[in-house]
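Note that this is a predicted model, so its numbers are computed, not measured.
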Amino acid sequence: MEILKSIFYFVLAGVFEIGGGYLVWLWIRDGKSIWYGLAGAISLIIYGIVPTLQPPSASFGRVYAAYGGIFIVLSILWGWKIDNIIPDKFDLIGGIVALIGVLIIMYYPRG
């Protein structure tokens, strides 16, 4: 159950980070209202808080290293579902490799 909770927090962090970055992107690159930028900034602040909810035994470096792999996969999914950029086989292979790294870094039993 602890692993599922941890994965939930990784995904939640990713939604806030990618979503916040996307809103800032829309504000600056697509000329949307400043409100997009402000909503993006708030989302990015929340992103900074969510990883602190990871298990107390997880160190900052380990959490952020593992989160990098989750971020890769979520970014590919965001591009596919939000920007309609279909991932190619290299995106998929890279995402799988990143997830394997997450599993090793974050969840491999240590003695």
Side-chain angles (χ1 to χ4, degrees):
M1 190 58 144
E2 194 71 22
I3 290 175
L4 291 177
K5 194 165 132 182
S6 173
I7 291 169
F8 169 77
Y9 289 134
F10 277 136
V11 171
L12 188 62
V15 169
F16 280 110
E17 183 184 17
I18 297 166
Y22 189 69
L23 290 171
V24 171
W25 178 281
L26 292 175
W27 165 52
I28 293 173
R29 299 268 305 244
D30 291 352
K32 299 286 186 183
S33 160
I34 183 75
W35 296 109
Y36 280 74
L38 292 174
I42 291 167
S43 181
L44 290 167
I45 290 169
I46 295 168
Y47 149 72
I49 295 168
V50 172
T52 67
L53 303 173
Q54 288 290 342
S57 61
S59 68
F60 177 85
R62 187 170 291 147
V63 167
Y64 274 81
Y67 172 69
I70 300 293
F71 179 84
I72 290 167
V73 171
L74 291 176
S75 295
I76 292 168
L77 291 173
W78 187 280
W80 181 23
K81 293 301 179 183
I82 304 299
D83 279 341
N84 297 313
I85 306 297
I86 298 170
D88 63 22
K89 68 179 177 181
F90 299 106
D91 295 326
L92 298 175
I93 292 168
I96 290 167
V97 169
L99 283 180
I100 291 169
V102 169
L103 294 173
I104 294 168
I105 291 168
M106 193 70 185
Y107 305 115
Y108 191 82
R110 289 172 167 83

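Considering only residues two or more places apart in sequence or on other chains, I104 meets the side-chain contact (heavy atoms from CB on, under 4.5 Å) condition with I100. Shown here are the side-chain contact (heavy atoms from CB on, under 4.5 Å) partners of N84, two or more places apart in sequence or in another chain: there are none. The side-chain contact (heavy atoms from CB on, under 4.5 Å) check on L99 picks up I70, V73, with sequence neighbours excluded. The side chain to side chain donor-acceptor pair (under 3.5 Å) test applied to D83 returns Y22, not counting sequence neighbours. In this structure, S75 has no side chain to side chain donor-acceptor pair (under 3.5 Å) partners at least two apart in sequence or on a different chain. The side-chain contact (heavy atoms from CB on, under 4.5 Å) check on I72 picks up I76, A98, with sequence neighbours excluded. Listed by chain and number, the residues in a ring-ring contact (aromatic ring centres under 6.0 Å, His included) with Y64 are F60 (sequence neighbours excluded).
The stretch residues 32-55 participates, sequence neighbours left out, in these side chain to side chain donor-acceptor pair (under 3.5 Å) pairs: S6-Q54. For residues 91-111, there are no ring-ring contact (aromatic ring centres under 6.0 Å, His included) pairs, not counting sequence neighbours.
Rounded to the nearest 0.5 angstrom, L77 CG and I85 CD1 are separated by 13.5 Å. Rounding to the nearest 0.5 Å places CG of L12 at 13.5 Å from CD1 of I7. The CD1 atom of I105 sits 9.0 Å away from the CZ atom of R62 when rounded to the nearest 0.5 Å. In this structure, the separation between CD1 on I49 and CZ on F16 is 9.5 Å, given to the nearest 0.5 Å. One finds the CH2 atom of W80 at 8.0 Å from the CG atom of L92 (value rounded to the nearest 0.5 Å). Atom CD1 of I93 sits about 8.5 Å away from atom CG of D88, to the nearest 0.5 Å.
With hydrophobic clusters built from ILVMFWY side chains whose heavy atoms lie under 4.5 angstrom apart, I3 shares a cluster with V102. Residue Y67 is not grouped with residue I96 when hydrophobic side chains (ILVMFWY) are merged at heavy-atom distances under 4.5 angstrom, including chains of intermediate members. No single ILVMFWY cluster, assembled from side-chain heavy atoms under 4.5 Å apart, contains both I45 and L53.
The nearest pair of heavy atoms linking V24 to L44 is CG2-CD1, 4.4 Å.
Between I34 and W27 there is a side-chain heavy-atom pair separated by less than 4.5 Å. Taking the side chain as every heavy atom from C-beta outward, M106 and F10 approach each other to under 4.5 Å.
In the displayed structure, I86 atom CD1 is contacted under 6.0 Å by at most 12 heavy atoms of other residues, nucleotides or ligands.
L4 belongs to a hydrophobic cluster with M1, counting contacts under 4.5 Å between side-chain heavy atoms of Ile, Leu, Val, Met, Phe, Trp and Tyr, direct or through other members.
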